Amino acid sequence: MASVEDGRLVRVERDLDHPTGGAICIKARTAPEFVHHPDRLTTPLLRTAPKGSGDPEFRPISWEEALDLVASRLEAIAAADGPEAVAFAVTTPSGTAIADSFGWIHRLAHAFGSPNLVFATENCNWHKDFTPGLTWGAGIGMPDYAHTGTILLWGFNPTATWLSQVEPIRAAQRRGAKLVVIDPRRQGLARSADLWLGLRPGTDGALALGLAHLLLERGGADEAFLRRFTDAPFLVRDDDGAVLTEADLIGPGGTATPLVWDDVADAARPLRQGVAASLSGVRQVPCGGGVVTCRPVLARLRERCAEYPPERVANITGLAVADVERLADWLTDARPVSFFTWTGTAQHSHATQTSRALTVLYALTGSLDAEGGNVWFNRPATRDIAGFEWVTGDTRARTLGIDDRPLGPPRRGWITTRDLFRTITTRDPYAIRALVSFGGNFALTKPGTERPQDALSALDFFVATELFPTPSCQQADLVLPAASAWERSGLQAGFAVDAEAEGWLQLRPAVVPPVGESRSDTDIVFQLATRLGLAERFFGGNPDDGLRHVLEPTGVSLETLRANPRGVRVDVGSGIGRARQAGFATASGRVELLATSLGRIGEDPLPTYHAPAMSPEGRPDLPAFPLRLTCAKWPQFCHSQQRQDSSIREAMPHALVQIHPEAAAVRGILHGDHVTVSTPHGHFTAHAELTPGMRTDVVCAQYGWWTPASPWSPRDESYNEAIDGAIADAPSGSNAMRAYLCEVTRIA
Ligand SMILES: Nc1nc2c(c(=O)[nH]1)N[C@H]1C(S)=C(S)[C@@H](COP(=O)(O)OP(=O)(O)OC[C@H]3O[C@@H](n4cnc5c(=O)[nH]c(N)nc54)[C@H](O)[C@@H]3O)O[C@H]1N2
Ligand SMILES: Nc1nc2c(c(=O)[nH]1)N[C@H]1C(S)=C(S)[C@@H](COP(=O)(O)OP(=O)(O)OC[C@H]3O[C@@H](n4cnc5c(=O)[nH]c(N)nc54)[C@H](O)[C@@H]3O)O[C@H]1N2
Ligand SMILES: [Mo]
C-alpha cells in the first residue's frame with residue numbers, strides 16, 4: 001500500500017488483504033527514492049551530436065515533435081525496406097512492471113507489420129513457460145503448495161526472486177511437506193530444506209535422468225498415469241524411431257492413432273480405451289508387407305535413463321550417491337510431488353534437453369495436473385491483444401532466427417539481440433534500420449561479445465523509451481521518458497501463487513502523477529499508433545476502450561475495477577485436472593516422453609544430457625580455468641536496475657562474487673578483496689564474498705553493474721563481458737551464462 005504526501009510517494013507497506021500483498025521486498029520499500037530520483041528522464045531528448053563522436057549529447061524536445069519524428073522515420077523506413085526493417089524491443093515483464101504495457105507493445109509491433117521483437121525470453125522464461133510444452137503442451141504450471149508432499153526448488157531461489165512463493169512453501173513445510181533445493185549454493189530456503197543438493201552448475205539434466213532411472217528401476221514410476229495420460233505405451237520402430245500408427249498396420253484407410261501392444265490379445269492394436277497396453281518388451285509388428293521391430297516409448301526411455309546409474313550421476317554432478325537415492329525414494333514415497341525451476345536451469349548451453357529431462361522425470365511421478373502437484377489454476381479470461389496473427393506469410397517467415405530455431409522464441413516473434421545486431425551490421429538476410437525499445441538494458445544483460453554499441457550506432461534510427469539514461473541509450477537518436485509503475489495504472493489478471501490469487505483481477509491505480517513530462521508506455525504506444533495511422537487497431541487511440549475490450553470476457557467492467565482499486569475476486573474455479581480431462585495440448589493429446597517435434601528438427605526426441613559447453617568437462621583443453629562460474633539474483637536489484645538508489649547502494653556498494661573460503665584461501669583471497677574473474681572470453685571485477693554455503697568449485701557472481709554517474713564509460717564490473725554470446729542452446733537460443741569455466745585472482 002502506498003502513502004502519498006503532496007503528490008509524492010513517501011512510503012510503501014504491506015497489504016495483507018491482497019492475495020500477494022503480504023510479501024514486499026527492499027525494492028518496494030525504497031520505491032519513493034526510485035520514483036523521485038533526480039536522474040529520472042523527464043522530457044523527450046533528441047540527440048544533437050552524430051553517433052560515434054564521443055559521449056552523446058541530447059536536447060529536450062516536445063512530445064509533439066518527438067512522436068511526429070518517430071512516426072515519420074518509421075514510415076519512411078518501412079516504405080523503403082518493408083516493416084521488418086523496423087525491430088521492436090521490450091524489457092522483461094518478470095523483472096520490471098512492463099507487464100502493464102506488454103500486450104500493447106506487441107500489438108504496436110504487429111500492427112506496424114514487424115515480425116521482429118527482442119525480448120529476454122530465451123534467457124528468462126522460455127524454459128519455464130514454453131519448453132515444458134514440448135513434453136506436456138503447456139508451461140511449468142504452479143506447485144499446489146497447500147496440498148503437496150514434496151517440493152523441489154530446482155535452480156530457483158524465491159527468497160530473492162519471487163517472495164510471494166516463500167510463505168506458501170514455509171506453510172507446506174510446517175504441515176510436514178518435504179523441501180528439496182537443487183542449487184550449487186545453499187541460500188534462501190535451502191538453509192531450512194530437508195535436503196540440499198549442491199550440484200555442479202549445468203549438470204541438472206544428468207541428475208534428472210539418474211532420478212528417472214531409479215524411479216523406473218525400483219517401481220517408483222506411476223504406471224497408471226503413464227498408461228492413461230502419456231505416450232509411454234506407444235510403439236516406436238527400432239529402425240527410424242517413428243511412432244507406429246493404425247495406418248502402418250492396416251494400410252490406406254487406417255488412422256494416425258498410435259499402436260500399442262495389447263497384452264491380452266498379444267498383438268499390436270490401435271490405442272483405444274480398454275486396451276491393456278504394455279509398457280515393456282520388444283515386439284515384432286507386421287507392417288507394409290514386412291515385419292518391424294518396435295518397443296513402447298517407456299522401454300526406450302528406460303534404456304536411456306539406464307545410462308545414468310547413481311554412481312555415474314554422482315561423478316557428473318558432484319553429489320553423494322546416498323543423496324540421489326534419498327531423493328528418488330521421496331519422489332516415490334512422499335507424493336504428490338511439485339516442482340519449480342527458473343533461470344538456474346535455463347541459462348545453459350543445453351537448456352532445452354535439461355528442461356526435457358526435468359519434465360519427463362516429473363511426469364513419472366504422476367503428480368502433474370493433480371491436487372498437490374504442478375497444476376494450472378484458472379485465471380480471469382482476459383482477451384489477448386498482441387495481434388500476433390497480423391504478421392503473416394513472407395513477412396512472418398522473415399522473423400530473425402526462425403530457420404535456426406523453428407521451435408524456439410522466433411516461433412512467437414521473439415528474436416535475440418545477437419541475431420538483431422548481426423543483421424544490423426551485415427544487412428544479411430535483409431536490412432534492419434530502426435529499433436524502437438521499451439525498456440531493457442541489453443548492453444548489460446546480454447553477452448558482451450555481441451558488441452551492441454557497434455550495431456546500435458549503425459542504425460538509422462533508434463528510439464528508446466526509458467526511466468533513466470542507461471548505457472543502452474548511448475546510441476539512441478531519441479529517448480522518451482516513461483512513467484514508472486507508480487505513476488500509471490496497470491491491469492493484472494491472476495497473481496499466480498494459488499487458486500485464490502489466480503482468481504484476483506485488479507486495475508492497479510496510479511498513486512502519483514507522472515514525474516516531469518513522462519508518460520506511460522501504454523500511452524506512448526497508443527499515441528504512436530495514432531500517428532502511424534493505426535488508430536483503428538488501437539480503439540480509436542483510446543486506451544480505456546482498449547481495456548474494455550481486454551476485460552470483456554471476464555464479465556467484470558472497467559468501472560467495477562476502478563471502483564475497487566485493490567481488485568476483485570472472480571469465480572473461475574480451480575482448473576485442477578482440466579488437462580487430464582480435456583487432453584494435453586500436444587500433438588497426441590498426451591504427455592510426450594518422446595518429443596516427436598524435437599525429433600523433426602534433428603534433436604534427440606528422448607531427453608539427453610551433454611556436459612555444459614564451457615565447463616571443465618566440455619572444454620578439457622582449457623585447464624587454466626578450473627572454477628565454475630555461475631550467477632544469481634539478489635533481493636536488492638532487478639538485473640541492471642536500482643543502481644541509482646543510494647539507500648540500496650549504501651548496503652551493497654559494489655559488485656559481489658561469492659567464493660567458498662577454501663577456494664579463496666588457495667588463491668590468497670580475503671573477504672572483501674577486489675578480484676578479477678576471467679573466462680576464456682573476457683573478464684570482470686568484483687568484491688569477494690567468502691561464502692561457506694556453496695560448492696568449493698563454484699563461484700557465483702552478480703551481473704548488471706554499471707555506474708549511473710557515468711553511464712557511457714566502459715564498465716569493468718559487467719559479468720556478461722566475460723560471456724560469449726555465440727554459445728547457446730540450439731533449439732531456444734538461450735545463452736550459456738552459467739556453468740562457465742573461470743579463474744579468480746586478487747587485484748594487487
Ligand atoms: N549474466 C546474466 N545475465 C542475465 C541474467 C542472469 O541471470 N545472468 N538474467 C537474464 C534475465 S532472466 C533477464 S529477464 C534479462 C533482463 O534484461 P533487461 O530486460 O535488459 O532487464 P533490466 O536490466 O532490468 O533492464 C530494464 C530496463 O528497463 C527500464 N524499465 C523498467 N521499467 C520500465 C517501464 O515500465 N517502462 C520502460 N519503458 N522502461 C522500464 C529500466 O530502467 C531498465 O533500464 O537479463 C538477462 N541477463
Ligand atoms: N530480486 C530480483 N528478483 C527477480 C529478478 C531480479 O533481477 N531481481 N528478476 C526476475 C526475473 S526476470 C527472473 S527470470 C526470475 C529468475 O528467478 P531465479 O531463477 O530464482 O533467479 P536466479 O537467482 O538467477 O537463479 C536461481 C538459482 O539458481 C542457482 N543456480 C545457478 N546455476 C545453477 C545451475 O546450474 N543449476 C541449478 N540447479 N541452479 C543454479 C543460483 O545459485 C540461484 O540460487 O527472477 C525474477 N525476480
Ligand atoms: Mo528473467
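We count ligands from 1, going down the list as the structure has it; atoms in each ligand are counted the same way. Every value quoted in this text rests on a predicted model; they were computed, and no experiment measured them.
Among protein heavy atoms, the minimum distance from atom 35 (O) of ligand 2 is reached at G202 N, 2.8 Å. Annotation: atom 45 (O) of ligand 1 to nearest protein heavy atom, T445 CB, 3.3 Å. Protein heavy atom at the shortest distance from atom 43 (C) of ligand 2 is D183 OD2, 3.3 Å. Counting only heavy atoms of the protein, atom 10 (C) of ligand 2 lies nearest to S94 O, 3.5 Å. Among all non-hydrogen protein atoms, the one lying nearest atom 20 (O) of ligand 1 is N441 N, 2.7 Å. For atom 42 (O) of ligand 1, the nearest non-hydrogen atom of the protein is E466 OE1, 2.8 Å. Residue, atom and distance of the protein heavy atom nearest to atom 30 (N) of ligand 1 are L467 CD1, 3.7 Å. The protein non-hydrogen atom at the shortest distance from atom 18 (P) of ligand 2 is T343 OG1, 3.5 Å. The protein atom (non-hydrogen) at minimum distance from atom 25 (O) of ligand 2 is R738 NH1, 3.2 Å. Atom 28 (O) of ligand 1 has as its closest protein heavy atom G440 N, 2.9 Å. Of the protein's heavy atoms, K633 N, 2.9 Å lies nearest to atom 23 (O) of ligand 2. The nearest heavy-atom contact from the protein to atom 33 (C) of ligand 2 is G344 O, 3.3 Å. The single protein non-hydrogen atom nearest to atom 39 (N) of ligand 1 is G439 CA, 3.3 Å, given as residue, atom name and distance. Atom 9 (N) of ligand 1 has as its closest protein heavy atom Q347 NE2, 3.2 Å. Looking at atom 26 (C) of ligand 2, its nearest protein heavy atom turns out to be G155 O, 3.5 Å.
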From CA spacing to verdict: ring-ring contact (aromatic ring centres under 6.0 Å, His included), W154, F339 | CA-CA 7 Å; W154 200 320; F339 83 111; 7.5 Å; no
Please walk me through it: do F130 and W414 pass ring-ring contact (aromatic ring centres under 6.0 Å, His included)?
-> CA-CA 13 Å; F130 297 101; W414 295 323; 5.7 Å; yes
In sequence, state the C-alpha distance, the side-chain angles, and the governing distance for F625 and Y740, and then conclude on ring-ring contact (aromatic ring centres under 6.0 Å, His included).
-> CA-CA 9 Å; F625 302 95; Y740 221 91; 9.3 Å; no
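Scanning for side chain to side chain donor-acceptor pair (under 3.5 Å) contacts around R619 gives D621, with sequence neighbours left out. In this view, W486 satisfies the side chain to side chain donor-acceptor pair (under 3.5 Å) rule with no residue, not counting sequence neighbours.
Residue C124 has at least one heavy-atom neighbour below 4.0 Å for each of these atoms of ligand 2: 12 (S), 14 (S). Atoms of ligand 2 found under 4.0 Å from any heavy atom of T630 (numbered from 1 in listed order, with element): 31 (C), 32 (N). Each of the atoms 1 (N), 2 (C), 6 (C), 7 (O), 8 (N) of ligand 2 lies under 4.0 Å from some heavy atom of F637. Within ligand 2, the atoms closer than 4.0 Å to a non-hydrogen atom of P201 are 34 (C), 35 (O), numbered from 1 in the order shown. Per-residue contacts place K27 under 4.0 angstrom from the following atoms of ligand 2 (heavy atoms of the residue considered): 1 (N). Those atoms of ligand 2 that come under 4.0 Å of a heavy atom in H348, given as number and element, are 34 (C), 35 (O). Atoms of ligand 2 found under 4.0 Å from any heavy atom of W154, numbered from 1 in the order shown, are 38 (N). Each of the following atoms of ligand 2 lies closer than 4.0 Å to a heavy atom of P635: 1 (N). For ligand 1 and F438, the ligand atoms under 4.0 Å from any heavy atom of the residue are 38 (N).
Of the inter-residue distances, the one linking T465 atom OG1 with L478 atom CG reads 8.0 Å to the nearest 0.5 angstrom. Between the CG atom in L211 and the CH2 atom in W330 there is a gap of 12.0 Å [rounded to 0.5 Å].
There is no side-chain donor-acceptor pair under 3.5 Å between D521 and W104. For the residue pair E689 and Q658, a side-chain donor N or O sits within less than 3.5 Å of a side-chain acceptor on the partner. Side-chain N/O atoms of S355 and T131 include no donor and acceptor closer than 3.5 Å. The closest side-chain donor-acceptor pair between Q644 and R649, if any, does not fall under 3.5 angstrom. Looking only at atom types and distance, the side chain of T121 has a donor-acceptor partner in the side chain of N125 under 3.5 Å away. In the model, S647 has no side-chain atom that pairs as donor or acceptor with a side-chain atom of E650 under 3.5 Å. With 3.5 Å as the limit, one finds a donor-acceptor pair spanning the side chains of N441 and S640.
Backbone and side-chain nitrogen or oxygen atoms of T96 are examined, and none is located within less than 3.5 angstrom of a nitrogen or oxygen of ligand 1. At under 3.5 Å, a nitrogen or oxygen of D204, whether backbone or side chain, sits near a nitrogen or oxygen of ligand 2. An N or O contact shorter than 3.5 Å is missing between T470 and ligand 1 by distance. Annotation: A97 places no N or O atom under 3.5 Å from an N or O atom of ligand 1; distance criterion only. Residue A160 has at least one nitrogen or oxygen atom sitting less than 3.5 Å from a nitrogen or oxygen atom of ligand 2, judged on distance alone. Any N or O atom pair closer than 3.5 Å counts here, and N123 shares no such pair with ligand 1.
When side chains are defined from C-beta on, L207 counts as touching I182, because their heavy atoms get closer than 4.5 Å.
Only side-chain heavy atoms of N720 come within less than 4.0 Å of ligand 1; its backbone N, CA, C and O stay farther off. Of the heavy atoms in N157, both backbone and side-chain atoms come closer than 4.0 Å to ligand 2. Using a 4.0 Å cut-off between heavy atoms, A120 contacts ligand 1 through its side chain alone, with no backbone atom that close.
Ring-plane geometry between F340 and W162 is classed as perpendicular, the angle between the planes exceeding 60 degrees on a 0 to 90 degree scale with a lower cut at 30.
Taking the centre and axis of the six-membered ring of W706, the NZ or CZ atom of R643 falls outside the cone set by 45° and 6.0 Å.
Distances from ligand 2 to the non-hydrogen atoms of Q187 include no value under 4.0 Å. Heavy atoms of C631 come nearer than 4.0 angstrom to ligand 2 in at least one pair. Residue contacts with ligand 2 include F156, since one of its heavy atoms falls under 4.0 Å from the ligand. Judged by the shortest distance from any of its heavy atoms, L444 lies outside the 4.0 Å radius around the atoms of ligand 1. Not a single heavy atom of N125 sits less than 4.0 Å from an atom of ligand 2.
Considering E487, Q644, H639, E122 only, the shortest heavy-atom separation from atom 22 (P) of ligand 1 involves H639. When D521, T465, T91, I723 are ranked by how near their heavy atoms come to atom 36 (N) of ligand 1, first place goes to D521. Compare K446, Q642, R488, Q641 by their heavy atoms: the one nearest to atom 24 (O) of ligand 1 is in Q641. Among T121, L197, T161, T354, the residue whose heavy atom lies nearest to atom 4 (C) of ligand 2 is T161.
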